[in-house]
Number of protein chains: 2
Amino acid sequence: MASIRDVARLAGVSTATVTRALRDEPSVAPKTKERVRAAALRLDYVPSAAARALSNGRSTLLGLFVPDIVNPFYAEVAQGMEDRAAQARYHCVIASSHLNRERERQLLTSLQDGTLAGLAATTVGTDEAFTAALSAMPGPLVLVDRRPRGLKAPLVRTDNRKVTRQAIRGLFEMGHTRIAMISGPQDFDTACQRLSGFRLAHRDAGVPVTERLIRHGHVGESGGYEAMTDLLALRPRPTAVFCFNNLVTVGALKAIRAAELTIPTDISLLAFDDMSLFPLVDPPITAIAQPAYEMGRAAADILLRRLDGENGIDDSVLPATLIQRGSLGPPRPHD
Amino acid sequence: MASIRDVARLAGVSTATVTRALRDEPSVAPKTKERVRAAALRLDYVPSAAARALSNGRSTLLGLFVPDIVNPFYAEVAQGMEDRAAQARYHCVIASSHLNRERERQLLTSLQDGTLAGLAATTVGTDEAFTAALSAMPGPLVLVDRRPRGLKAPLVRTDNRKVTRQAIRGLFEMGHTRIAMISGPQDFDTACQRLSGFRLAHRDAGVPVTERLIRHGHVGESGGYEAMTDLLALRPRPTAVFCFNNLVTVGALKAIRAAELTIPTDISLLAFDDMSLFPLVDPPITAIAQPAYEMGRAAADILLRRLDGENGIDDSVLPATLIQRGSLGPPRPHD
DNA sequence: TTGTAGGCGTTATCAA
DNA sequence: TTGATAACGCCTACAA
């Protein structure tokens with residue numbers, strides 16, 4: 001590996017001049033620049049990232065912590081973040097904790113050793129230690145999707161409440177009165193916001209919320225499956241369900257299948273989060289799509305701006321969209 | 001940020017001793033170690049990654065280049081790689097080129113600046129410059145899924161040919177004789193291997209391959225859609241299709257829907273690559289599942305071993321499995 | 001417009 | 001068992 005000194009020697013200048021020439025600074029004579037460039041090219045010179053990071057006191061790596069990179073929502077966030085980061089010649093270190101506490105702990109160290117210039121995170125739990133470490137991290141932090149209690153940092157999210165409220169209203173307009181919701185842990189603010197939209201829609205429609213139609217604390221496919229199974233055992237049965245995220249939807253879907261019920265005849269299904277295969281499911285699933293890719297871009301953008309010295313950056317709230325497909329229908333007359 | 005010197009001062013030792021003590025080397029007196037640890041703890045000392053990388057001449061970052069992190073296959077590879085890397089306290093930089101050449105070019109630089117200690121890559125095209133740069137990269141390289149022509153490096157893959165041969169045999173046993181295949185570009189060795197399995201199965205069954213039932217060069221959902229649409233226009237129509245990867249399958253599925261044909265009555269569909277929602281599609285899709293997660297782990301493992309000085313590492317071939325669901329059926333009698 | 005020189009924080013070598 | 005010290009490669013005052 002050729003170093004800056006080799007280039008300097010070959011070009012017959014000092015290392016300082018090499019740095020300046022390669023950065024195309026105006027203070028370098030054109031002819032000198034030319035010589036330096038030629039030398040660099042000939043030697044295949046590439047500045048060492050480590051040396052640069054050490055000298056600058058900052059790396060060009062952005063971190064993204066997500067619970068599960070296999071979840072397409074996060075994969076899209078990652079793609080968006082990466083694309084935006086690439087524009088600024090930054091790279092992304094993606095850490096998928098896989099809901100693993102031990103893993104999260106391990107990540108903390110890497111937060112502090114300067115590997116990362118900035119961090120975008122969607123945290124899993126309310127682990128105080130983790131939260132504290134996040135805010136103690138050197139360099140900017142941006143939260144994606146949800147904000148753990150007590151963490152001060154800009155947040156990129158969708159307008160959960162508003163979009164849910166509208167979507168649920170649609171259900172009422174179709175004639176539903178017994179709408180269930182499979183919600184997440186009460187300390188997920190996303191779950192709270194979606195639940196809040198759900199309640200608001202009830203109020204709008206003048207329909208009282210039946211608390212036992214709301215299932216809290218469900219996560220993942222298994223959570224969705226269990227909750228849905230429970231819900232289906234109720235009499236009278238709900239005529240529609242709203243699932244608070246993609247995995248829960250998949251679980252619920254499987255439970256409905258297992259119970260040999262038909263969507264939307266027996267029950268309507270509304271999903272929060274879209275998935276690429278939802279259009280192909282029987283029936284195609286109506287879903288509220290979050291702009292995951294854009295969220296990733298926005299997160300990177302905020303980080304980059306903070307790295308650039310910008311301050312006072314606010315939360316960024318992006319719009320979600322209801323995508324009508326075939327899983328919503330009117331309740332059966334006698335239902 | 002406390003530096004090693006601060007710790008040394010506080011503990012009343014030299015920086016060299018701090019390094020040694022913190023690494024728990026036996027050559028340090030227990031009492032000294034104790035003092036150093038206490039000092040480090042008190043100062044919240046975390047060794048700088050950049051300084052360490054510079055000094056060691058090597059980072060603790062593993063790179064993963066994939067065409068598209070949103071494709072669940074690659075997301076799972078990433079997860080596997082990350083998990084394995086984490087065990088060795090390495091992190092992963094995931095770069096998803098999104099099939100973007102410009103992006104690939106940009107990544108080349110980062111290969112050479114030492115950001116990455118090693119690299120796992122699934123390359124898109126046969127871009128010679130890119131391939132050359134890959135092999136010129138300092139540090140170990142491992143290929144995932146496919147090997148571009150002329151690149152020497154261990155490869156982690158599945159036994160494409162064997163599993164395809166078996167799966168297609170199943171189709172013959174059901175009575176199919178006109179089996180189509182939507183294949184990828186001829187310079188994808190995966191496509192070649194799967195195609196080869198397809199041909200072998202024909203030979204096994206004593207059925208000659210009808211070349212026009214084979215469509216080459218298709219990629220992505222749109223590729224699958226086009227190819228399938230073409231195929232469906234043929235008379236006599238094929239009674240089964242084999243799609244060489246997940247995205248192509250999705251496209252084919254949509255084309256079949258658009259043509260208002262029913263699976264498997266009108267046509268059977270066999271997918272290479274499984275997807276989490278395939279069980280929920282109408283009908284559930286029978287697929288050949290690659291152990292993507294394991295492939296990621298294997299890739300990281302190879303990198304780590306090479307980084308450890310191990311040499312002469314071979315390709316790693318993992319088994320794929322046929323998952324029977326509902327998209328395969330016998331051809332209609334008169335077909 | 002260019003060069004000199006010191007520092008970034010760690011590790012490794014050599015000597016004590 | 002410990003300490004000095006010289007790299008590692010780049011950047012940036014400051015000086016010329």
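Naming: A, B, ... by sequence-line order, numbering from 1 per chain. All heavy atoms count here, side chains included; hydrogens, waters and symmetry mates do not.
Nearest-nucleotide assignment on DNA chain C puts the 5′-proximal partner with A:K33, out of A:K33 and B:R52. Two residues, B:R35 and B:A51, neighbour DNA chain D, and the one matched to the more 5' nucleotide by heavy-atom proximity is B:R35.
Remark: P of D:dC8 and CZ of A:R5 are 7 Å apart, rounded to the nearest angstrom. In this structure, A:R23 places its CZ atom 16 Å from P of C:dT2, rounding to the nearest Å. Rounding to whole angstrom units, CG of residue A:L22 and P of D:dT12 are separated by 14 Å. Between the CZ atom of A:R9 and the C1' atom of D:dG9 there is a distance of 13 Å, given to the nearest Å. Look at CD1 on B:I4: it is 14 Å from P on D:dA4, rounded to the nearest Å. Computed from coordinates, the A:N56 CG to C:dG7 P distance equals 17 Å when rounded to whole Å. When the C1' atom of D:dC10 is taken as reference, atom CE of A:M1 falls 15 Å away, rounded to whole Å. Atom pair A:E25:CD and D:dC10:C1' shows a separation of 13 Å (rounding to whole Å applied).
B:R147 places no side-chain N or O within 3.5 Å of a backbone atom of B:K152 that could act as its donor or acceptor partner. Side-chain N or O atoms of B:S135 include one that pairs as donor or acceptor with a backbone N or O of B:A132 at under 3.5 Å. Side-chain N or O atoms of B:D308 include none that pairs as donor or acceptor with a backbone N or O of B:E310 at under 3.5 Å.
Note on B:G114: nothing from the nucleic acid sits closer than 4.0 angstrom, heavy atoms only. Among the protein residues, A:S27 comes within range of the nucleic acid bases, having at least one heavy atom under 4.0 Å from a base atom. When heavy atoms are screened at a 4.0 angstrom cut-off, B:R58 is found touching no nucleic acid atom at all. Within 4.0 Å (heavy atoms only), B:A29 reaches sugar-phosphate atoms of the nucleic acid but no base atom. Here B:V13 lies in heavy-atom contact (under 4.0 Å) with sugar-phosphate atoms only.
Of the candidate nucleotides D:dA4, C:dA12, D:dC10, D:dA4 has the atom nearest to the side chain of B:S14. Comparing C:dT4, D:dT2, C:dT2 against the side chain of A:A16 picks out C:dT4 as the nearest. Side-chain atoms of B:T17 lie closest to D:dG3 of the nucleotides D:dG9, D:dG3, D:dA7. The A:L54 side chain lies nearest to C:dC8 when the options are C:dT10, D:dT2, C:dC8.
A side-chain contact (heavy atoms from CB on, under 4.5 Å) with B:V156 holds for exactly one of B:V317, B:I302, B:V77; it is B:I302. When the options A:T190, A:L151, A:D187 are evaluated for a side-chain contact (heavy atoms from CB on, under 4.5 Å) with A:R146, the one that passes is A:T190.
Between A:R20 and D:dA13, a side-chain N or O to OP1/OP2 separation shorter than 4.0 Å is absent. A close approach under 4.0 Å does occur between a side-chain nitrogen or oxygen of A:T19 and OP1 or OP2 of D:dC11. Between A:T32 and C:dT2 there is a side-chain N or O to OP1 or OP2 distance below 4.0 Å.
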Checking A:D83 against A:Q87 for the side-chain hydrogen bond (donor to acceptor under 3.5 Å, both in side chains) test, could you report, in this order, the C-alpha distance in whole Å, the side-chain angles of both residues, the deciding distance, and whether it holds?
CA-CA 7 Å; A:D83 284 358; A:Q87 290 179 344; over 6 Å; no

